[in-house]
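The next block holds one structure in the form of structure tokens; read it before the comments.
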Amino acid sequence: MIISWNTTNDCNMYCDHCYRDAGVKADEELSTQEGKNLIDEIAKAGFKIMIFSGGEPLMRPDIVELVAYATSKGLRSVFGTNGTYIDLDMAKALKEAGAMGMGISLDSLDKEKHDRLRKYDNAWDEAVRGMENCRAVGLPFQIHTTVMDWNRHEVSALTDFAVEMGAVGHHTFFLVPTGRAVSIEEESLRAEEYEQILTEIMEKQKTVDIELKPTCAPQFMRIAKEMGLNLRYGRGCLAGTHYCIISPVGVVQPCAYLNISAGNVREKPFSEIWTDAPIFKELRTLDYKGGCASCKYKVACGGCRARAYYYHDQDFMAEEPWCLYHGRKGY
């Protein structure tokens, strides 16, 4: 199971697509001790992979200490970062603390486009420098790309760039209108485009040794199965079943894009929230509606619950709105 902790809302960027609306540190973010207590609860609940995210997690001054603590509890610590704070000293410190991988955002091979999306001069150059520093100290890293209509034609080339840089993977994140991303909803892909780009990514997987993993596009599981690809993943959408996220102030929700509180770790131990929260129990029923209810790939895919929530009047159990498979006879 995988968990993501948005360790801070503080960020040096102001990205158009940020689900957290990050930029300024939130009032009363979890303290170092509260963070360690949370890590204890995460391990107790049976999670194995701990994603440190943000905002920009490397802006948190105790981040190395928290990674070391998570490592001591048997958690595999990884990151979602914009890469700009990964100098050689930070890369070394994270590796020594037990960090197992850095997910560094890169949304275009065009520096100007990447910088414009992130509202930060030299974002591209600094992200790539962060990758180089990870490589220099032997800290594994992967590239994270948010796919939208204006950069979807670059995905394959970005995979090639990831290979050239020595990345262990290229993970593509598909835009879900949450947080600031609501203002650019029109840039998200629709059913035919999803099907095409996911097919291209799975075809690309046959030609490269690094891992290609779409996120917030669970239909990739169906496409991979139809292609005969044997992926290590058991399911597309993990929200509330094998994954959840915790905000900087301790609010638990099923995923980054499904902004519904399951509880707050300051009020109830996380392990109990994970077991008992009604929204988690409902998501685990897989009792979906519409096309997702009768789809033979219901278990493997699950549809994007956050996208269902946004496009179906806050019904997170509704059918995935941008799935082309719904239109096939006999699905």
Side-chain angles (χ1 to χ4, degrees), residues 16-17 80 103-114 117 124 127-128 131 141-177 181 184-238 257 291-292 295-298 300-304 306-308 311 319-328 331:
D16 287 337
H17 61 301
I104 301 175
S105 298
L106 199 72
D107 300 298
S108 176
L109 291 176
D110 184 319
K111 297 182 182 183
E112 182 179 343
K113 290 181 179 179
H114 177 81
L117 175 70
W124 196 96
V128 172
M131 298 175 199
F141 70 92
Q142 60 193 34
I143 289 179
H144 289 173
T145 299
T146 298
V147 181
M148 291 164 276
D149 59 0
W150 57 267
N151 69 348
R152 53 113 32 239
H153 66 282
E154 292 190 67
V155 172
S156 180
L158 280 160
T159 295
D160 292 335
F161 182 76
V163 172
E164 292 170 12
M165 289 296 298
V168 298
H170 182 205
H171 287 207
T172 45
F173 292 73
F174 287 75
L175 187 71
V176 179
I184 57 170
E185 184 275 338
E186 70 278 1
E187 297 180 18
S188 63
L189 305 184
R190 298 317 198 240
E192 292 80 5
E193 296 167 306
Y194 271 112
E195 190 81 6
Q196 182 179 8
I197 188 63
L198 289 174
T199 300
E200 291 173 8
I201 292 170
M202 292 298 98
E203 288 286 0
K204 186 74 171 181
Q205 182 65 89
K206 298 177 181 179
T207 69
V208 296
D209 292 330
I210 69 172
E211 178 183 78
L212 307 186
K213 167 65 168 60
T215 297
C216 297
Q219 298 84 2
F220 85 92
M221 290 294 293
R222 165 180 55 81
I223 293 170
K225 286 180 180 293
E226 291 175 345
M227 287 185 177
L229 286 173
N230 185 23
L231 304 181
R232 68 183 180 92
Y233 302 100
R235 182 169 166 79
C237 181
L238 305 178
Y257 310 99
C292 288
C295 181
K296 68 179 181 179
Y297 291 103
K298 179 171 73 171
C301 172
C304 177
R307 204 170 280 116
Y311 290 102
E319 73 175 24
E320 156 73 58
W322 303 135
C323 180
L324 187 65
Y325 197 64
H326 291 164
R328 295 186 186 177
Y331 67 85

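Counting from 1, the numbers follow the sequence of the chain as shown.
With respect to the salt-bridge test (charged N to carboxylate O, under 4.0 angstrom), the residues Arg222 and Glu195 qualify. Of the charged side-chain nitrogens involved, none lies within less than 4.0 Å of a carboxylate oxygen, so that Asp149 and Arg190 do not count as a salt-bridged pair.
At least one donor-acceptor pair under 3.5 Å links the side chain of Glu154 to the backbone N or O of Leu109. Using modelled atom types, no side-chain atom of Gln196 and backbone atom of Ala191 make a donor-acceptor pair closer than 3.5 Å. In this structure a side-chain-to-backbone donor-acceptor pair under 3.5 Å is present from Thr145 to Leu106. Not a single donor-acceptor pair under 3.5 Å links the side chain of Trp322 to the backbone N or O of Glu193. Looking only at distances, a side-chain donor or acceptor of Glu320 sits under 3.5 Å from a matching main-chain atom of Cys304. Panel note: side chain Asn151, backbone Asp107; a donor-acceptor pair is recorded below 3.5 Å. Put simply, the side chain of Thr159 gets close to the backbone of Val155: a donor and an acceptor are under 3.5 Å apart.
Between Thr199 and Met227, some side-chain heavy-atom pair lies under the 4.5 Å cut-off. The shortest distance between side-chain heavy atoms of Met148 and Leu117 falls below 4.5 Å. Put simply, the side chain of Phe141 reaches to within 4.5 Å of the side chain of Met165, judged on heavy atoms. In this structure, the side chains of Glu211 and Arg232 come closer than 4.5 Å at one or more pairs of heavy atoms. Side-chain contact between Val163 and His170: absent, with no pair of heavy atoms (C-beta onward) separated by less than 4.5 Å. Annotation: side chain of Gln142 is not in contact with side chain of Lys213 (no heavy-atom distance under 4.5 Å). When side chains are defined from C-beta on, Phe161 counts as touching Val128, because their heavy atoms get closer than 4.5 Å. Looking at heavy atoms from C-beta onward, Arg307 lies in side-chain contact with Cys216 at the 4.5 angstrom threshold.
Here the SG-NZ distance, from Cys237 to Lys298, works out to 14.0 Å after rounding to the nearest 0.5 Å. Note that the NZ atom of Lys206 and the CG atom of Leu212 stand 12.5 Å from one another [nearest 0.5 Å].
In plain terms, the two heavy atoms of Lys296 and Tyr325 that are nearest each other are CE-OH, 3.2 Å. The heavy-atom pair separating Ile197 from Phe174 by the smallest distance is CG2-CE2, 3.5 Å. The nearest pair of heavy atoms linking Pro214 to Ile201 is CG-CG2, 4.2 Å.
Under a cut-off of 6.0 angstrom, the local environment of CD in Glu112 is sparse, with at most 12 non-hydrogen atoms contributed by other residues, nucleotides or ligands.
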| After noting the C-alpha distance and the side-chain angles of Leu229 and Met202, does the key distance pass the side-chain contact (heavy atoms from CB on, under 4.5 Å) rule? | CA-CA 8 Å; Leu229 286 173; Met202 292 298 98; 3.8 Å; yes
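Each of Thr215, Leu198, Leu189 was scored for a side-chain contact (heavy atoms from CB on, under 4.5 Å) with Val147, with one residue passing: Leu189.
The cationic group of Lys225 does not satisfy the cation-pi geometry with Tyr297, failing either the under 6.0 Å distance to the six-membered ring centre or the 45° limit from the ring axis.
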